[in-house]
Trainee: 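The structure follows.
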Amino acid sequence: MTVQELPGAAAYRPAPPPAWKPLTDPAPLLPDPEPYRVLGTDAVADADPELLLRLYAELVRGRRYNAQATALTKQGRLAVYPSSTGQEACEIAAALVLEERDWLFPSYRDTLAAVARGLDPVEALTLLRGDRHTGYDPREHRIAPLCTPLATQLPHAVGLAHAARLKGDDVVALAMVGDGGTSEGDFHEALNFAAVWRAPVVFLVQNNGFAISVPLAKQTAAPSLAHKAVGYGMPGRLVDGNDAAAVHQVLGEAVARARRGDGPTLVEAVTYRMDAHTNADDATRYRVDSEVEAWREHDPIRILERELTGRGLLGDEGIEEAREAADRMAAALRERMNADPVLNPMDLFAHVYEEQTAQLREQAARLRVELDAEQDRNGHDDVEERR
């Protein structure tokens, strides 16, 4: 029997839905149609000259750090290094915009941001040389471990920020992720939780064009990654990721907003990975040289240097000073990384449990016997020194 055949069907009318209105006005959440810029625009007149000079010095230092770390992989001192060459403006701005009490949650490519925040350059590379899991105490500089799994650091950042807010601590978490990480479920879960609970988090997406070899067009059909913010009820900001002054300003506004209790912000910084994904990648298989060269014209160091010299804030002497300081940093890094680490085999058992289990105690005792036997065979104290 159809509806029309039911008794009284002619008088049947579905009830209208209740009055509906959006929970949040989407208009203020939408990003600008073009990436926001400072350098080369009228907005640069409001930029602090001292900040611009500091950004420049850190960019030069960061570029040299990337080059030295890449060289260390070729020398066998690092197992792998994911270079951030071309993305230094994002890395430096993320580090400098935070207060000492805030937390940085980096991805595996954000070694430079950790160093710019104050982490020992050698400790920042310890994970990548295979010595120890992290190589540094996250609490000392308030830098979470460099995160290799894509986007898993984002829920961690939200959890810490939410807990800090519940405790009444004036803390902001800044979580860094690449465009490839936005395709992970952790990205969506983190943004949704942060927006619903108004957690003081800033999400910085470094859109460098590729998730290893997968271009952005095959990852999303959205107008931009910043547009994804409106779906969660937070503002999305689109910024030129190679404009250090612009990235610093946009991130600064997002951090201030989070600290006021107004909730999270999603910032998409449009940048480019000049080097391969890692030293194990052949980028020529998925991108052409002309594309790379076009981005070299928009190099973050070049455009900031051009601005500073054009305004008379930087001369040849200042440029040389920045390069020499970067070379000194690289020389010290190279010297320390070329020294073989002193390893203690017994450390295998030192950080597993607070109190060793019976099985671990048994295994440790066996290892001591083997080390003692090796020392007796070799007739020297090398093994004893390692103990």
Side-chain angles (χ1 to χ4, degrees), residues 35 37 39-40 55-74 78 80-95 106-116 121 124-125 128 146 150 176-182 204-219 225 239-248 268-307 319 322-323 326-327 329-330 333:
R37 296 180 61 199
L39 301 178
L55 287 170
Y56 175 75
E58 291 290 346
L59 288 179
V60 173
R61 181 172 178 261
R63 177 65 56 85
R64 188 68 183 86
Y65 179 88
N66 274 319
Q68 184 59 69
T70 299
L72 288 168
T73 64
K74 298 176 181 179
L78 288 179
V80 67
Y81 183 69
S83 172
S84 58
T85 295
Q87 302 177 215
E88 292 94 346
C90 301
E91 301 280 313
I92 299 303
S107 74
Y108 60 89
R109 195 178 299 282
D110 301 321
T111 310
L112 180 54
V115 173
L125 294 174
L128 300 175
L146 293 167
L150 291 186
M176 306 177 72
V177 68
D179 51 287
T182 66
L204 172 59
V205 178
Q206 297 179 80
N207 176 9
N208 64 21
F210 293 92
I212 307 182
S213 61
V214 180
L216 184 66
K218 292 187 177 180
Q219 299 180 60
L225 295 175
V239 63
D240 182 344
N242 286 18
D243 184 335
V247 180
H248 189 276
E268 177 189 356
V270 181
T271 183
Y272 195 78
R273 168 168 54 79
M274 302 301 296
D275 290 344
H277 174 67
T278 69
N279 52 292
D281 174 42
D282 179 7
T284 62
R285 298 179 63 184
Y286 54 84
R287 67 183 188 187
V288 295
D289 291 342
S290 58
E291 178 180 301
V292 180
E293 290 306 313
W295 275 95
R296 288 192 192 281
E297 294 301 314
H298 196 56
D299 181 284
I301 297 178
R302 180 180 299 183
I303 62 175
L304 181 53
E305 187 176 287
R306 186 185 304 136
E307 186 74 48
I319 293 173
R323 291 174 179 173
D327 285 341
M329 176 277 302
L333 174 62

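Just so it is clear, the values below take in all heavy atoms, side chains as well, and ignore hydrogens, waters and symmetry mates.
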Trainee: Taking the side chain as everything from C-beta on, heavy atoms only, tell me whether Y272 gets closer than 4.5 Å to V292.
Mentor: yes
Trainee: Rounded to the nearest 0.5 Å, how far does CE of M176 lie from OH of Y108?
Mentor: 12.0 Å
Trainee: With a 3.5 Å distance limit and no angle check, can you tell me whether E88 reaches the backbone of G86 through a side-chain donor-acceptor pair?
Mentor: yes
Trainee: Check whether any side-chain heavy atom of L146 sits under 4.5 Å from a side-chain heavy atom of L128, and report yes or no.
Mentor: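 No - every pair of side-chain heavy atoms lies 4.5 Å or more apart.
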Trainee: Between atom CZ of R302 and atom CG of L59, what is the distance when rounded to the nearest 0.5 Å?
Mentor: 14.0 Å
Trainee: Let me confirm one number: the CD-CG distance from Q68 to D327, rounded to the nearest 0.5 Å.
Mentor: 9.5 Å
Trainee: Which is it for L216 and L225 under the side chain to side chain contact (heavy atoms under 4.5 Å, CB included) test, yes or no, and what are the steps along the way?
Mentor: CA-CA 9 Å; L216 184 66; L225 295 175; 4.0 Å; yes
Trainee: Examine distances only and state if a side-chain atom of D110 and a backbone atom of A113 form a donor-acceptor pair shorter than 3.5 Å.
Mentor: no
Trainee: Nearest heavy-atom pair of A94 and L204: which atoms, and what distance?
Mentor: CB-CD2, 4.0 Å
Trainee: Working to the nearest 0.5 Å, report the span between CG of D243 and CG of L39.
Mentor: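 Answer rounded to 0.5 Å: 3.5 Å.
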Trainee: Do any N or O atoms from the side chain of R109 and from the backbone of H277 form a donor-acceptor pair under 3.5 angstrom?
Mentor: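 It does hold such a pair.
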Trainee: Just by distance, do the side chain of N66 and the backbone of S84 share a donor-acceptor pair under 3.5 Å?
Mentor: yes
Trainee: Taking T85's backbone N and O only, do any of them form a donor-acceptor pair with D275's side chain (distance below 3.5 Å, no angle check)?
Mentor: no
Trainee: Any idea how Y65 and Y81 line up, ring-wise: parallel (<30°), tilted (30 to 60°), or perpendicular (>60°)?
Mentor: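 Geometry flag for Y81 against Y65: perpendicular rings.
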Trainee: Just how far is it from atom OG1 of T70 to atom CG of N279, taken to the nearest 0.5 Å?
Mentor: 7.5 Å
Trainee: Hey, which of E268, R273, E91 is the one that makes side chain to side chain donor-acceptor pair (under 3.5 Å) with Q206?
Mentor: E91
Trainee: Do N207 and Q219 come within less than 4.5 Å of each other through their side chains, counting heavy atoms only?
Mentor: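 The answer is no; the side chains never approach within 4.5 Å.
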Trainee: Determine, for R61 against E58, whether the closest basic-nitrogen to carboxylate-oxygen distance falls under 4.0 angstrom.
Mentor: yes
Trainee: For Q87, run the side chain to side chain donor-acceptor pair (under 3.5 Å) check against N208, T271, N242 and tell me which one passes.
Mentor: N208
Trainee: Just checking D282: does its CG atom have more than 12 heavy atoms from other residues, nucleotides or ligands closer to it than 6.0 angstrom?
Mentor: yes
Trainee: For a quick test of reading the model, state the closest non-hydrogen atom pair linking G241 to C90 and the distance between them.
Mentor: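 In this case the closest contact between G241 and C90 is O-SG, 3.3 Å.
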Trainee: Does any part of the side chain of V247, heavy atoms only, come nearer than 4.5 Å to the side chain of I92, both counted from C-beta?
Mentor: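 A side-chain contact is absent here, since even the closest heavy-atom pair is not under 4.5 Å.
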Trainee: Between the side chain of E305 and the main-chain N/O of Y56, is any donor-acceptor distance below 3.5 Å?
Mentor: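 Looks like no, no N/O pair under 3.5 Å.
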Trainee: At their closest point, which heavy atom of T111 faces which heavy atom of A124, and how far apart are they?
Mentor: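 Scanning both residues, the minimum pair turns out to be CG2-CB, 3.6 Å.
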